[in-house]
Undergrad: 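Take a look at this one; I'll ask things after.
Just so we're on the same page: letters track the sequence lines, and every chain starts at 1.
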Amino acid sequence: MLRIARAHVDAMTAHARADHPDEACGIIAGPIGSDEPRRYVPMTNADRSPTFFRFDPTEQLRLYREMDDNDEEVVVVYHSHTATEAYPSRTDISYAAEPQAHYVLVSTAENGAGEGPVEVRSYRILDGVVTEEELHITE
Amino acid sequence: MAVEVRIPTILRTFTNGAKAVEGGGSTLLQLIDDVDARNPGLKSRLIESENLRRFVNVYVNDEDVRFSGGLSAPIADGDVVVVLPAVAGG
């Protein structure tokens, strides 16, 4: 199960809408071993693509160094799907490299950049196996 | 002095759990060969068909090697090399 603050869900949703129809991506960091998403960090999708994302490599290095300095790790990796449901694609599964992370998918397929429901779901991806998990939003 | 190579969690199975290993060489490729000699298997996770794998980021002194020659990027004693798996998907 992923316990996550409403403010973080709102921030991911806003980022996904803002970048629609391109995919948006980012992380939420937390103290190592805590499994608590605390620090929201939107990232630049270096590919600026509706079907692909990749963290900008320079931003990623800076982020990982900060996390190292703060004794943080990646608790949530999020990205959006802009034409399909909020389920990990084959590409998502093959590049999942953070075994401790919750992979959150946000789909703007239904309402695009506009208001209206956005699908948000969370998964574990381990050794190529996807397991959906409960998303518990805390107020 | 040697070159420090920082290894991401997901590749530490090749380094006996070490977060960083040391090596030498005058290009990135030589450095990877040198490190692979003591940590077998690492090279194949970084290089494919004689190129850096697309979804591995390698930085020499904080610079992405894709912009400084890739596997031919020059390496000197005292440099710090960081390997990070790209965070990517579709």
Side-chain angles (χ1 to χ4, degrees), chain A residues 22-27 29 32 41-47 49-65 67-68 73-74 76-84 86-101 103-106 123 125-127 130, chain B residues 3-22 28 31-32 39 41-49 51-73 75 78-90:
Chain A
D22 289 343
E23 294 192 6
C25 55
I27 66 138
I32 290 174
V41 187
M43 299 291 283
T44 301
N45 176 359
D47 285 33
S49 158
T51 55
F52 203 80
F53 80 96
R54 176 185 190 137
F55 285 7
D56 176 90
T58 305
E59 268 180 34
Q60 189 190 341
L61 179 65
R62 197 182 317 137
L63 169 68
Y64 277 57
R65 187 149 292 157
M67 289 195 299
D68 226 23
E73 66 185 355
V74 175
V76 168
V77 177
Y78 75 89
H79 78 282
S80 63
H81 283 175
T82 59
T84 56
Y87 191 87
S89 64
R90 268 184 299 170
T91 322
D92 295 334
I93 297 163
S94 60
Y95 298 126
E98 299 279 357
Q100 81 291 348
Y103 285 87
V104 171
L105 274 286
V106 177
Y123 305 86
I125 306 178
L126 276 177
D127 298 324
V130 176
Chain B
V3 177
E4 179 183 330
V5 183
R6 300 210 180 137
I7 306 294
T9 314
I10 200 158
L11 296 181
R12 288 181 198 157
T13 46
F14 299 100
T15 61
N16 256 326
K19 285 181 167 183
V21 294
E22 291 202 334
L28 180 60
L31 175 69
I32 291 173
N39 304 275
L42 197 56
K43 181 178 179 179
S44 68
R45 299 297 297 270
L46 305 179
I47 293 177
E48 182 179 46
S49 317
N51 282 304
L52 269 183
R53 283 182 179 270
R54 189 167 163 223
F55 294 102
V56 174
N57 297 327
V58 179
Y59 309 86
V60 177
N61 301 333
D62 293 357
E63 187 174 358
D64 187 344
V65 295
R66 266 168 239 285
F67 304 110
S68 58
L71 288 171
S72 350
I75 301 285
D79 283 352
V80 176
V81 173
V82 176
V83 177
L84 287 182
V87 182

Undergrad: Can you give me the closest heavy-atom contact between A/Arg54 and B/Val56, atom names plus distance?
TA: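 In terms of heavy atoms, the two residues are closest at NH2-O, 4.4 Å.
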Undergrad: For A/Asp47, which atoms come within 4.5 Å of any heavy atom of chain B: side chain, backbone, both, or neither?
TA: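 For A/Asp47, side-chain heavy atoms alone lie under 4.5 Å from chain B.
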Undergrad: Which residue is it: B/Val58, B/Asp64, B/Leu84? I am looking for the one with a side chain to side chain contact (heavy atoms under 4.5 Å, CB included) to A/Pro57.
TA: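 Filter result, single survivor: B/Asp64.
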Undergrad: Take atom CZ of B/Arg12 as the centre, draw a 6.0 Å sphere, and report whether it contains more than 12 heavy atoms from other residues, nucleotides or ligands.
TA: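 For B/Arg12, atom CZ is crowded (more than 12 foreign heavy atoms under 6.0 Å).
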Undergrad: Counting only heavy atoms closer than 4.5 Å, note whether A/Gln60 contacts chain B via side chain, backbone, both or neither.
TA: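 Contact with chain B is through both the backbone and side chain of A/Gln60.
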Undergrad: Is it the backbone or the side chain of B/Arg54 that comes under 4.5 Å from a heavy atom of chain A, or both, or neither?
TA: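 For B/Arg54, heavy atoms of backbone and side chain both lie under 4.5 Å from chain A.
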Undergrad: So for B/Val82, is it side chain, backbone, both, or neither that comes closer than 4.5 Å to the heavy atoms of chain A?
TA: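 Contact with chain A involves the side chain of B/Val82 alone.
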Undergrad: What distance separates A/Arg62 CZ from B/Asp62 CG, expressed to the nearest 0.5 Å?
TA: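 Output value for this atom pair is 10.0 Å.
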Undergrad: Would you kindly check if the NZ (Lys) or CZ (Arg) of A/Arg65 is within the cone defined by 45 degrees around the ring axis of B/Tyr59 and under 6.0 Å from the six-membered ring centre?
TA: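 Not satisfied by the 6.0 Å and 45° rule.
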Undergrad: A/Phe53 versus chain B, heavy atoms under 4.5 Å apart: side chain, backbone, both or neither?
TA: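 Contact with chain B is through both the backbone and side chain of A/Phe53.
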Undergrad: I'd like to know which of A/Thr91, A/Leu61, A/Thr51, A/Asp92 tops the heavy-atom pair count under 4.5 Å against chain B.
TA: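 Most heavy-atom pairs within the cutoff with chain B belong to A/Leu61.
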